[in-house]
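One structure is given below, encoded as structure tokens.
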Number of protein chains: 2
Amino acid sequence: MPDIGDLRTRCVLPIGTVIQLTDLTARQIRYYEAQDLVHPERTAGNHRMYSLNHVDTLLEIKGQLADGFSLADIKQLMHPRHHEPNSDEEVRQMLRDELMNQSRLNQGSKLQQGFGFRP
Amino acid sequence: MPDIGDLRTRCVLPIGTVIQLTDLTARQIRYYEAQDLVHPERTAGNHRMYSLNHVDTLLEIKGQLADGFSLADIKQLMHPRHHEPNSDEEVRQMLRDELMNQSRLNQGSKLQQGFGFRP
DNA sequence: GATAGATGTTAGGTTAAGTCACATTCACCG
DNA sequence: CGGTGAATGTGACTTAACCTAACATCTATC
């Protein structure tokens, strides 16, 4: 009787399923992995297997990308290095503020532009 | 943004995953399907895809088999035909009584032997 | 207009899964 | 005992899904 409870973290989904669930392409999913943003397991035959948490992460990434962040930015946001140019606090807050993701129509990486309003 | 909520019913698991989750063989899983006990979806390429509910069903089947029921029995238990030789009530109860699945060391189909104790 | 980031696309190779047929095991029954 | 049916194993062969790697494309920035 295997534990079915830890399904959130169990890698049971092949990439095809993840594609459906996230509406990302295989190329994108693999690229994000190459950028160290997701770390699926592998089957004995080297096929990627994802958990539901992985899917959530991918959806987060998708959202952040749509909000104008670069993959490098997102990596920082997810694995906060201590005390970088942009104070972690602000950055953290930005993450939570995903609620107000209206102004997704900018260009360039948000982290390079700073967040403050300087008129 | 696809609905991730209905994961219980969404067919996202390939048979390989189901094998791991249930500890059944592909042969068994396919056979139970042939006996009309599970009905996975199919991908465009004809590969079976299962939901978590399907996995539960398979685990139920596995349990009932271990308890001495035949697949035909189990089919009856799952899709109760009205008013058969064995009163549905008794049968239903047997299902719930899976708690006490001690006496799995019998032979033959339970449904053919009747449940009553006649000394 | 060269560069870097993100993604598309194609080619070639391997694994996972599909069907189908035949073999096996075992309890049952005349 | 020999035959039968239910459940499962196994092998052959085919196809879908996935893998890596390389090269192309698009776009924003310098």
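Both backbone and side-chain heavy atoms feed into the values below; hydrogens, waters and symmetry mates do not. Naming: A, B, ... by sequence-line order, numbering from 1 per chain.
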Pick from A:Glu33, A:His54, A:His39: which one makes a side chain to side chain donor-acceptor pair (under 3.5 Å) with A:Arg48?
A:Glu33
Would you compute the distance between atom CG of B:Asn53 and atom CZ of B:Arg10 and round it to the nearest 0.5 angstrom?
14.0 Å
When rounded to whole Å, the CD1 to C1' distance for the pair B:Ile19 and C:dT15 reads 13 Å
Taking only N/O atoms, report every protein-nucleotides 7-9 of chain D pair under 3.5 Å with atom names and distance.
residue: D:dA7; atom: OP1; partner: B:Leu71; partner atom: N; Å: 2.6
residue: D:dT8; atom: OP1; partner: B:Gln28; partner atom: NE2; Å: 3.0
residue: D:dT8; atom: OP1; partner: B:Tyr32; partner atom: OH; Å: 3.0
residue: D:dT8; atom: OP2; partner: B:Tyr32; partner atom: OH; Å: 2.9
residue: D:dT8; atom: O4; partner: B:Arg27; partner atom: NH2; Å: 2.9
residue: D:dG9; atom: OP2; partner: B:Thr25; partner atom: OG1; Å: 2.9
residue: D:dG9; atom: N7; partner: B:Arg27; partner atom: NE; Å: 3.1
residue: D:dG9; atom: O6; partner: B:Arg27; partner atom: NE; Å: 3.3
residue: D:dG9; atom: O6; partner: B:Arg27; partner atom: NH2; Å: 2.7

Rounding to an integer number of Å, can you tell me how far B:Glu33 CD sits from C:dT19 C1'?
12 Å
Go through the steps for B:Gln64 and B:Leu77 under the test side-chain contact (heavy atoms from CB on, under 4.5 Å), then give the verdict.
CA-CA 10 Å; B:Gln64 302 292 345; B:Leu77 298 182; 4.2 Å; yes
Using whole Å, report how far CZ of B:Arg30 lies from P of C:dG18.
5 Å
Looking just at side-chain N and O atoms, do A:Thr9 and A:Asp6 make a donor-acceptor pair shorter than 3.5 Å?
no
Between CD1 of B:Ile15 and CD1 of B:Ile29, what distance do you get to the nearest 0.5 Å?
4.5 Å
Write down the distance between CD1 (A:Ile61) and P (C:dG5), rounded to a whole number of angstrom.
17 Å
Can you check whether A:His79 reaches A:Asp36 side chain to side chain, under 4.5 Å on heavy atoms?
no
B:Ile15 CD1 to C:dT19 C1': how many Å, rounded?
12 Å
OH/A:Tyr32 to CD1/A:Ile74 distance, rounded to the nearest 0.5 angstrom?
7.5 Å
Is there a residue in residues 40-48 of chain B whose heavy atoms reach under 4.0 Å of DNA chain C, and which residues are they?
B:Arg42, B:Asn46, B:His47, B:Arg48
Would A:Leu52 end up clustered with B:Val18 when hydrophobic side chains under 4.5 Å apart are linked, directly or stepwise?
yes
